[in-house]
Protein chains: 2
Amino acid sequence: MTTRIPAKHRAMRKAPKQLRSQSTVEGIVEAGARVLAQRGWAKFTTNEVARVAGASIGSLYQYFPNKLAIAEAIRQRHLSQLLAVLPDPGKQGKALSLNRHVDQLIDGVVAAHSINQKLHRILLDEVPLAARSFDTDFEREYLHRYEILTRVALDDGARNLMAARILADAVEGIVHAAASREELGSSAVRIEVKRMVSAYLLALQRA
Amino acid sequence: MTTRIPAKHRAMRKAPKQLRSQSTVEGIVEAGARVLAQRGWAKFTTNEVARVAGASIGSLYQYFPNKLAIAEAIRQRHLSQLLAVLPDPGKQGKALSLNRHVDQLIDGVVAAHSINQKLHRILLDEVPLAARSFDTDFEREYLHRYEILTRVALDDGARNLMAARILADAVEGIVHAAASREELGSSAVRIEVKRMVSAYLLALQRA
DNA sequence: TCAAGATGTGAGCTGATGCTCATATTATGG
DNA sequence: CCATAATATGAGCATCAGCTCACATCTTGA
């Protein structure tokens with residue numbers, strides 16, 4: 001017995017069935033990303049998104065129940081682009097040294113945050129969170145990348161997760177701050193981040 | 001030759017001269033903080049602020065040129081409250097060990113972020129930044145707290161500042177993430193943060 | 001005491017924007 | 001070929017919040 005959710009509240013009112021409508025929806029998300037990056041959430045208007053997408057406002061609301069749903073579609077697209085840039089732990093051999101692992105991960109995180117940096121900041125800082133459905137999946141995947149590192153230094157599963165979270169949050173903090181100072185290119189920042197991550201992992205091992 | 005800035009664009013249109021108007025202004029900022037924490041930036045309306053403050057909307061606009069100026073006044077008040085909670089480096093003897101210093105600073109940072117946590121998050125995440133005039137002063141002061149630590153491990157002034165920024169950004173990242181998970185009370189988080197800061201400082205010393 | 005300045009008031013103007021709906025156009029499948 | 005479903009359109013409705021302004025009230029200082 002599945003509860004019926006009225007179209008007005010679903011992420012998408014109608015599923016686009018024909019090719020025509022599928023490209024309309026893609027165009028709206030694509031245009032939305034551009035408008036959002038350019039104007040920011042406060043000046044992100046559905047009418048402009050439709051205009052830029054070359055669609056009518058009516059078409060837009062045929063597939064998205066409201067403004068926020070568009071932003072959420074944009075966020076999903078962006079987050080999966082991020083994950084694609086991060087080194088995949090499954091594909092790496094276990095043969096790498098800890099320092100090599102740290103190097104790769106941090107380089108990946110910096111590269112990921114260099115993708116459409118402005119959009120990234122706006123998605124994080126300005127767009128209200130709301131439905132965490134996808135974010136949860138994303139965060140799990142993201143954390144997993146760090147657990148690869150902590151597992152090398154630690155056995156305990158629970159402490160492992162905690163350490164991974166600490167690392168992830170610390171690195172995010174540094175990288176976001178660096179980005180807002182437009183210092184993401186700086187190799188000095190990268191070096192210090194790696195130093196910090198390595199030092200922490202070493203300290204964990206000793207404790 | 002000072003440039004004349006029209007009242008419409010100044011932080012405050014009119015300076016409140018009498019006691020009566022001074023308490024009106026304070027009441028507006030106080031009420032504004034409550035409304036902002038409760039409703040969030042998107043639903044932060046000047047009319048409600050005035051109503052809650054027990055003042056008229058006209059009075060509000062007599063002293064604040066626009067909605068954002070109120071938010072900025074709230075931010076200033078909040079940031080200076082934060083600084084007041086952080087241990088003052090000037091007042092501490094230099095006699096404390098490095099670990100003691102780390103303990104005190106991290107405890108202070110956690111305590112600072114426990115003050116009106118919801119307002120804090122909204123001020124950081126939702127309210128558009130705009131005029132960085134005060135924030136710059138705040139950040140300088142804030143960074144200074146970390147430089148106390150890095151100076152112990154390092155001599156080089158430039159690398160010192162860089163290291164302080166790295167530490168500050170990392171700790172902020174962890175603390176904000178913990179706060180949004182409502183884990184700011186957790187002593188485990190505090191322990192790990194301290195471990196990370198200490199480990200990084202040690203690594204700096206050795207390099 | 002009383003002008004002049006400081007302060008307080010709130011109805012309502014103004015502009016903006018999310019979203020609907022009646023209608024038109026295009027595609028599909030039998 | 002045509003009935004039905006899918007898709008597209010955009011004028012305009014409904015709402016809402018920032019802010020103004022003409023006027024009232026209070027305080028100050030001479």
Side-chain angles (χ1 to χ4, degrees), chain A residues 6-32 35-36 38-74 126-128 130, chain B residues 6-32 35-36 38-74 126-128 130:
Chain A
K8 274 201 156 192
H9 302 127
R10 261 180 282 142
M12 210 170 267
R13 300 187 132 168
K14 227 183 258 185
K17 304 197 167 180
Q18 305 177 1
L19 268 156
R20 188 166 49 132
S21 50
Q22 277 165 29
S23 67
T24 298
V25 169
E26 278 167 33
I28 287 170
V29 176
E30 164 64 29
V35 172
L36 185 58
Q38 188 157 83
R39 306 276 196 207
W41 174 249
K43 293 183 181 175
F44 178 76
T45 71
T46 52
N47 284 291
E48 184 177 3
V49 171
R51 215 194 60 234
V52 171
S56 70
I57 183 66
S59 286
L60 190 153
Y61 278 99
Q62 197 129 42
Y63 301 105
F64 297 93
N66 53 51
K67 181 173 137 150
L68 192 57
I70 302 173
E72 247 140 41
I74 295 169
E126 297 185 6
V127 176
Chain B
K8 274 200 157 195
H9 302 128
R10 260 179 282 142
M12 211 171 266
R13 299 187 136 173
K14 227 185 257 183
K17 304 198 168 178
Q18 304 177 2
L19 268 156
R20 186 167 50 131
S21 50
Q22 277 164 29
S23 65
T24 298
V25 169
E26 277 167 35
I28 288 170
V29 176
E30 164 65 28
V35 172
L36 185 57
Q38 189 156 84
R39 305 275 196 208
W41 174 249
K43 294 184 180 175
F44 177 76
T45 71
T46 52
N47 284 290
E48 184 177 2
V49 172
R51 214 195 60 233
V52 171
S56 69
I57 184 65
S59 286
L60 189 154
Y61 278 97
Q62 196 128 45
Y63 301 106
F64 297 93
N66 52 50
K67 181 174 137 153
L68 191 58
I70 301 173
E72 247 140 41
I74 295 169
E126 297 185 8
V127 177

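Values in this document were obtained by computation on a predicted structure and should not be read as measured data. Residue numbers start from 1 in every chain, and the chains themselves are labelled A, B, ... in the order their sequence lines are given, proteins ahead of strands.
Once rounded to the nearest 0.5 Å, the distance linking CD of A:E48 with CD1 of A:I57 reads 11.0 Å. Rounded to the nearest 0.5 angstrom, B:L19 CG and B:E26 CD are separated by 9.5 Å. Atom CZ of A:R51 sits about 7.5 Å away from atom OG1 of A:T45, to the nearest 0.5 Å. Atom CZ of B:F64 and atom CE of B:M12 lie 4.0 Å apart (nearest 0.5 Å).
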- request: For nucleotides 21-30 of chain C, just jot down a letter per nucleotide in 5' to 3' order: B, S or -, based on protein non-hydrogen atoms under 4.0 Å.
  value: -----SSS--
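Here the side chains of A:L68 and A:W41 are in contact, with some heavy-atom distance below 4.5 Å.
The separation between B:Q62 atom CD and D:dA22 atom P is 14 Å, rounded to whole Å. One interatomic measurement links the two molecules: CG of B:L60 to P of D:dC19, which rounds to 10 Å at whole-angstrom precision. Look at CD1 on B:I57: it is 9 Å from P on D:dC19, rounded to the nearest Å. The distance from atom NZ of A:K14 to atom P of D:dT7 is 7 Å, rounded to the nearest whole Å. Separating the CD1 atom of B:I70 from the P atom of D:dC19 is a distance of 8 Å, rounded to the nearest angstrom.
Tested against A:R20, the residues A:Q22, A:Q18, A:K17 include a single side chain to side chain contact (heavy atoms under 4.5 Å, CB included) partner, A:Q18.
Nearest heavy atom pair, residue A:G27 against residue A:A53, reads O-CB, 3.7 Å. In this structure, A:A55 and A:T24 approach most closely via the heavy-atom pair CB-CG2, 4.3 Å. Residues A:N66 and A:Y61 share a closest heavy-atom pair of CA-CE2, 4.0 Å.
The phosphate of C:dT7 has OP1 or OP2 within less than 4.0 Å of a side-chain N or O from B:S21.
Remark: nothing in residues 38-53 of chain A comes within less than 4.0 Å of DNA chain D through any heavy atom.
With distances taken from any side-chain atom of B:R13 to the nucleotides C:dG10, D:dG18, D:dT20, the minimum falls on D:dT20. Among D:dT7, D:dC19, C:dA6, the nucleotide with an atom closest to any side-chain atom of B:K17 is C:dA6.
Of the two residues near DNA chain D, B:N66 and A:Q22, the one whose nearest nucleotide lies more 5' is A:Q22. Take the nearest nucleotide of DNA chain D for B:K67 and for A:A15: the residue whose nucleotide is more 5' is A:A15.
The residue A:F64 sits apart from the nucleic acid: no heavy atom pair falls under 4.0 Å.
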